[in-house]
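Because the structure is a prediction, the values reported are computed rather than measured. By convention here, the first residue in the shown sequence is residue 1.
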Amino acid sequence: VQLQASGGGLVQAGGSLRLSCAASRRTASNNAMGWFRQAPGKEREFVAGIAWNGGATDYVDSVKGRFIISRDRSKDTVYLQMDALNPEDTAVYYCAVRRSSNVGRNGYSYWGQGTLVTVSS
């Protein structure tokens, strides 16, 4: 499975961005997917996950109420709507496919190339 993430960019604090991640084949449609991020000098962290059918989601506390993960199985695409962005959200964002149909924070196999999100103060 190949993943192509897009939608990153430069935004002012308080602004919004929508990330997209398209999978190369329909295998991913039966798997949970997630978004991770890695800020400069920090370890990669889980941001949000979604079950194979979109029926369950999970978020790291720091983004709850601001980010929404969704997916369109007909397009093999997962999205991350990010609102009320702040400079602490600056990072490279990666999408990934989980080795399970259930939402979770670990157990991911396939990773996209990442898209950079920069939030200016």
Asks: Could you state the interatomic distance from CD (Q4) to SG (C95), rounded to the nearest 0.5 Å?
Replies: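 Output value for this atom pair is 8.5 Å.
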Asks: Check D76 with R71, please: is the shortest side-chain N to carboxylate O separation under 4.0 Å?
Replies: no
Asks: Between V78 and W35, is there a side-chain heavy-atom distance shorter than 4.5 Å?
Replies: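 W35 reaches V78 side chain to side chain.
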Asks: Hydrophobic clusters here meaning ILVMFWY residues chained together by side-chain heavy-atom distances under 4.5 Å, can you tell me if Y79 and V11 are in one?
Replies: no
Asks: Answer yes or no: is there a donor N or O on one side and an acceptor on the other, between the side chain of R66 and the main chain of A84, under 3.5 Å?
Replies: yes
Asks: Any side-chain to backbone donor/acceptor pair from T77 onto K75? Under 3.5 Å, distance only.
Replies: yes
Asks: If you define the side chain from C-beta out and look only at heavy atoms, does anything of S101 sit under 4.5 Å from N31?
Replies: no
Asks: Donor-acceptor pair, R73 side chain versus W52 backbone, under 3.5 Å?
Replies: yes
Asks: In the structure I gave you, are the side-chain heavy atoms of V97 and Y108 within less than 4.5 Å of one another anywhere?
Replies: no
Asks: Taking the side chain as C-beta and beyond, is there a heavy-atom pair between L85 and Q12 under 4.5 Å?
Replies: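 A side-chain contact is absent here, since even the closest heavy-atom pair is not under 4.5 Å.
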Asks: So, do L3 and W111 sit near enough that their side-chain heavy atoms are less than 4.5 Å apart?
Replies: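 A side-chain contact is absent here, since even the closest heavy-atom pair is not under 4.5 Å.
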Asks: Is there a donor-acceptor pair closer than 3.5 Å between any side-chain N or O of R44 and the backbone N or O of F36?
Replies: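 No; zero donor-acceptor contacts below 3.5 Å.
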Asks: What is the distance from atom CD1 of I68 to atom CZ of R18, rounded to the nearest 0.5 Å?
Replies: 10.5 Å
Asks: What do the steps show when you test I69 against Y59 for side chain to side chain contact (heavy atoms under 4.5 Å, CB included), and what is the final call?
Replies: CA-CA 9 Å; I69 187 171; Y59 299 90; 3.4 Å; yes
Asks: So, T115 side chain and G8 main chain: donor-acceptor pair closer than 3.5 Å or not?
Replies: yes
Asks: For the atom pair CZ (R98) and CD1 (I50), what is the distance rounded to the nearest 0.5 Å?
Replies: 13.5 Å
Asks: Determine whether more than 12 heavy atoms belonging to other residues, nucleotides or ligands lie under 6.0 Å from atom CZ of F46.
Replies: yes
Asks: If we ignore hydrogens and angles and just use 3.5 Å, is the side chain of Y93 paired with the main-chain N or O of L80 as donor and acceptor?
Replies: no
Asks: So if I apply the side chain to side chain contact (heavy atoms under 4.5 Å, CB included) rule between V117 and each of L17, L10, T90, which one comes out positive?
Replies: L17
Asks: Which heavy-atom pair separates S121 from A13 by the least distance, and what is that distance?
Replies: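 So the minimum-distance heavy-atom pair works out to CA-CB, 4.3 Å.
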Asks: With side chains defined as the heavy atoms from C-beta onward, is the minimum distance between Y94 and R37 less than 4.5 Å?
Replies: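 Contact flag for Y94/R37 side chains = no.
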Asks: Kindly write out the residues that satisfy side chain to side chain donor-acceptor pair (under 3.5 Å) with Q113, not counting sequence neighbours, or none if the list is empty.
Replies: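 By the side chain to side chain donor-acceptor pair (under 3.5 Å) rule, Q113 matches no residue at all.
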Asks: List for me each residue that meets side chain to side chain donor-acceptor pair (under 3.5 Å) alongside Q2, sequence neighbours excluded, and say none if there are none.
Replies: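 Q2 satisfies side chain to side chain donor-acceptor pair (under 3.5 Å) with no residue once adjacent residues are dropped.
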Asks: Hey, quick one: are M33 and V60 part of the same hydrophobic cluster, counting side-chain heavy atoms closer than 4.5 Å, chains of contacts allowed?
Replies: yes
Asks: Flag the pair Q81 / F67 as yes when at least one side-chain heavy-atom distance between them is below 4.5 Å, and no otherwise.
Replies: no
Asks: State, yes or no, whether a side-chain contact exists between M82 and L19 at a heavy-atom distance under 4.5 Å.
Replies: yes
